[in-house]
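Worth saying up front: this structure is predicted, and the values here are computed from it rather than measured. When reading the values below, keep in mind they use all heavy atoms of this one structure, side chains included, and skip hydrogens, waters and symmetry mates. Residues: numbered from 1 along the sequence shown.
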Amino acid sequence: MAAKSATDAGDTVRESDGVVRVRELAALVDAALKRGVPAPVRVLGEVSGLRERTHLYFDLKDGDAVVSCVVFASIARKHQLRLRDGLEVVVSGGIEFYAKQGKLSLIARSVRLVGEGALDAAFRALCDELRGRGWFDDARKRPVPAFPRRIAVLTSRSGAALQDVIDTMRRRCPSVELLLIDSRVQGEAAAGELRRKLVAMSRRHRELGVDAVLITRGGGSAEDLWAFNDRDLAEAILKCPVPVVAAIGHETDTTIAELVADVRASTPTQAAMRLTPDAAALAEQIDLAGARLRGAAARRLADARASIERLGRRRTIAQPRSLVAHADERRRRAADDLRRAVRDRLRSARAGIDRAASRLERRRPAAELARREQRLDDARARLAAAMAGRVRREAERLDARRQRLRAVGPRAVLARGFSYTTLADGRLVRGTGDVRAGDTLVTTLHDGEVRSTVPGRQPPPPAKPAAARTSRRPRDDQPGLFEQDEH
C-alpha cells in the first residue's frame with residue numbers, strides 16, 4: 001500500500017508541477033539534438049586524450065570547448081587513421097546523446113587531417129616507406145673523409161646557415177675549399193631545384209674535386225622545411241657518389257633528407273665541424289707526434305750505441321788477429337783431414353781393383369766365351385735339323401691328304417662310269433619333275449658332255465613357288481656340282 005501511495009504521489013507531483021523522469025529528459029535532449037544539429041556535422045578541433053580500446057576515443061577541443069568523439073574501428077581501418085594528441089583534424093559525423101551516462105558524443109564517419117597534422121601524416125607515411133626500403137639503415141651510410149680537399153655546400157646564398165658554415169670552416173681549417181651551390185630552400189619549387197642541382201653536382205664531382213656535400217638551411221616552421229621531405233630529393237641524396245652531411249632547421253627538427261644522409265648534424269655549425277678538421281688540433285697532434293718521434297729516435301740511437309759498446313767488448317772484435325788466427329788454425333786442420341780422407345779413399349779403391357782383377361783372372365773370360373759360342377753353334381744345328389724334319393713330315397702328310405681327296409673327288413667318280421645331268425641354264429636335274437618337254441639336257445661324263453632334248457608331251461611338273469622360277473640361271477655365289485680344288 002505504501003508503494004502504491006508513493007506512485008500515486010509521484011503521478012500527482014508530475015501532473016500538478018510538470019516534473020518529468022530522467023529518461024524522458026534524456027529523450028527530449030536527444031530529440032532536440034537531432035532536430036537542431038545538422039547531420040552530418042563537420043567539426044574542426046585538436047585531438048586530445050586519445051584512447052584506443054577496439055574503437056578510438058578522444059576529446060576534440062579548441063580554446064573554449066571540448067566534445068567527446070568516437071571513431072569506430074571499421075572507420076579507422078578504412079581511412080588508415082594514425083591519430084595522436086595535438087593533431088588538428090576535421091571530424092565529420094553525427095551528434096548522439098548516450099542516456100545511460102548522460103554523455104554527448106560526436107560519432108565520426110570520417111576524419112581528415114589539416115594543417116600540421118596533414119604534413120605530419122605525410123611525413124610519417126614517407127618515413128615508413130623509405131625505412132622499409134632500407135634508405136635509413138646505418139649499414140649503408142658512409143663515413144665522411146678525414147681530410148677533405150673541397151666541400152660542396154647546397155643552400156641559399158642569402159641564408160644565415162651559409163655564413164655559419166663559412167665562419168666555422170675558415171676558423172677550423174682554411175685550407176679546405178668551399179664550393180657554393182646556390183638553391184632555394186623554401187617554397188613549392190625548392191625541392192625540385194635542390195634535387196636537380198645535387199644530381200648535376202654528382203655527375204661532375206670528379207671534375208669539380210668534391211669530396212663531400214653539405215645540405216643545410218636555418219630553422220623554420222614545418223611548412224618552411226617541407227622541401228627537405230621530398231622523396232626525389234631523398235633518392236638523389238641516396239645515389240650521391242660522395243658522402244652527404246645534412247643539417248636542416250633547429251636541433252629538434254627532423255627531415256627526410258637528414259634521415260637519408262650519411263651524417264646528420266643538429267646545426268650548420270656542427271655540420272661544418274664534422275666535415276673539416278681542426279687545424280689547431282692537427283698542429284697540436286703534429287707537435288705531439290714529432291715529440292714522440294724524436295723520443296723514439298733518441299731511444300733507438302741509445303739502444304744502438306749500447307749494442308755497439310757491447311760488441312766492442314767482445315774478444316773477437318777487440319782482438320781481430322786472434323779471430324784470424326783461430327780461423328787459420330781451423331783451415332789447416334780441415335786441410336789435413338781432407339788429405340787423410342783422400343789417401344784413405346785411394347787406398348781403398350786400389351784394394352778393390354786388385355780384388356776384382358784377381359777374380360777376373362780366375363774366371364778367364366776368353367775360355368768362357370769360347371765355351372758359350374760352342375754351345376750356341378750346337379743349338380743352331382739342332383734347331384735347323386728339327387725344322388727340316390718338321391717340314392718334311394708336314395709335306396708327307398699333305399701328299400697323303402691330296403691322294404685321299406683325289407680318290408673321292410667328283411672326277412674320279414665320273415671316271416668310274418657315273419654322270420650327272422643339268423638343264424641348259426646349269427640347274428641340276430634330280431628327277432623327272434625337274435624337266436619339261438622341249439628342255440635341253442646336258443649330261444656330263446668323265447671325258448665330255450652330251451646334249452639331248454626332252455621329246456613329246458608329258459604332264460606339267462608340279463607348281464613351284466614363284467620365287468623359285470624367277471630365273472633359271474644358277475647363282476654366282478653357288479659352286480658347281482663337281483668343282484674342286486686342283487691342288
For [X], does the [atom1] atom sit with more than 12 other heavy atoms under 6.0 Å from it, leaving out its own atoms?
| X | atom1 | value |
| --- | --- | --- |
| Arg172 | CZ | yes |
| Glu188 | CD | no |
| Arg375 | CZ | no |
| Arg333 | CZ | yes |

[X] side chain to [Y] main-chain N or O, any donor-acceptor pair under 3.5 Å?
| X | Y | value |
| --- | --- | --- |
| Gln270 | Ser266 | yes |
| Lys141 | Ala261 | yes |
| Arg150 | Glu177 | no |
| Thr168 | Ala272 | no |
| Asp230 | Ala191 | no |
| Glu258 | Ile248 | yes |
| Arg264 | Leu259 | no |
| Asp262 | Pro143 | no |
| His55 | Ala73 | yes |
| Arg42 | Pro40 | no |

Considering all heavy atoms of both residues, which atom of [X] and which atom of [Y] are nearest to each other, and what is their separation?
| X | Y | value |
| --- | --- | --- |
| Pro277 | Phe147 | CG-CD2, 4.0 Å |
| Ala246 | Ala257 | CB-O, 4.0 Å |
| Pro148 | Val176 | O-CG2, 3.5 Å |
| Cys240 | Arg142 | O-NH1, 2.8 Å |
| Cys127 | Ile256 | SG-CD1, 3.3 Å |
| Arg217 | Phe228 | CD-CE1, 3.3 Å |

Practice task
Show your reasoning for whether side-chain contact (heavy atoms from CB on, under 4.5 Å) applies to Val245 and Ile215.
Solution key: CA-CA 6 Å; Val245 178; Ile215 302 177; over 6 Å; no
pair [X]-[Y]: side-chain heavy atoms closer than 4.5 Å:
| X | Y | result |
| --- | --- | --- |
| Leu106 | Val91 | yes |
| Asp59 | Ser68 | yes |
| Val67 | Val43 | no |
| Val213 | Met201 | yes |
| Leu56 | Phe72 | no |
| Ile181 | Val153 | no |
| Asp328 | Arg331 | yes |
| Ser105 | Cys69 | no |

Would you call [X] and [Y] a salt bridge, using N to O less than 4.0 angstrom?
| X | Y | value |
| --- | --- | --- |
| Asp336 | Arg332 | no |
| Lys239 | Glu235 | yes |
| Glu129 | Arg231 | yes |
| Arg300 | Asp303 | no |
| Asp167 | Arg170 | yes |
| Glu207 | Arg204 | yes |

Exercise for the section: List the steps and the verdict of salt bridge (charged side-chain N to carboxylate O under 4.0 Å, His left out) for Glu309 and Arg305. Expected result: CA-CA 6 Å; Glu309 291 176 355; Arg305 188 177 292 108; 5.6 Å; no
Separation of [Y] [atom2] from [X] [atom1] (nearest 0.5 Å):
| X | Y | atom1 | atom2 | value |
| --- | --- | --- | --- | --- |
| Lys61 | Ser48 | NZ | OG | 3.5 Å |
| Ile151 | Cys173 | CD1 | SG | 9.0 Å |
| Arg184 | Asp182 | CZ | CG | 10.0 Å |
| Leu162 | Thr216 | CG | OG1 | 9.0 Å |
| Leu154 | Glu193 | CG | CD | 9.0 Å |
| Leu214 | Leu275 | CG | CG | 6.0 Å |

Problem - CA sep, side-chain torsions, deciding dist, call: Val90, Val111, side-chain contact (heavy atoms from CB on, under 4.5 Å) - result: CA-CA 6 Å; Val90 173; Val111 179; over 6 Å; no
Exercise for the section: Before giving the answer on side-chain hydrogen bond (donor to acceptor under 3.5 Å, both in side chains), spell out for Ser158 and Ser156 the whole-Å C-alpha distance, their side-chain angles and the decisive distance to 0.1 Å. Expected result: CA-CA 5 Å; Ser158 60; Ser156 172; 3.1 Å; yes
Problem - Candidate list Leu238, Thr255, Val244, test side-chain contact (heavy atoms from CB on, under 4.5 Å), partner Val260, passing option - result: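 In the set Leu238, Thr255, Val244, the residue that makes a side-chain contact (heavy atoms from CB on, under 4.5 Å) with Val260 is Leu238.
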Exercise for the section: Dump the intermediate steps for side-chain contact (heavy atoms from CB on, under 4.5 Å) on Leu178 and Ile166, then the final yes or no. Expected result: CA-CA 8 Å; Leu178 185 148; Ile166 293 174; 4.1 Å; yes
Handout entry: Criterion salt bridge (charged side-chain N to carboxylate O under 4.0 Å, His left out) on Asp344 and Arg347, from CA distance to verdict
Key = CA-CA 5 Å; Asp344 294 342; Arg347 188 181 303 111; 2.9 Å; yes
Problem - Candidate pair Ile237 and Trp135, rule side-chain contact (heavy atoms from CB on, under 4.5 Å), full reasoning - result: CA-CA 10 Å; Ile237 295 173; Trp135 289 16; over 6 Å; no
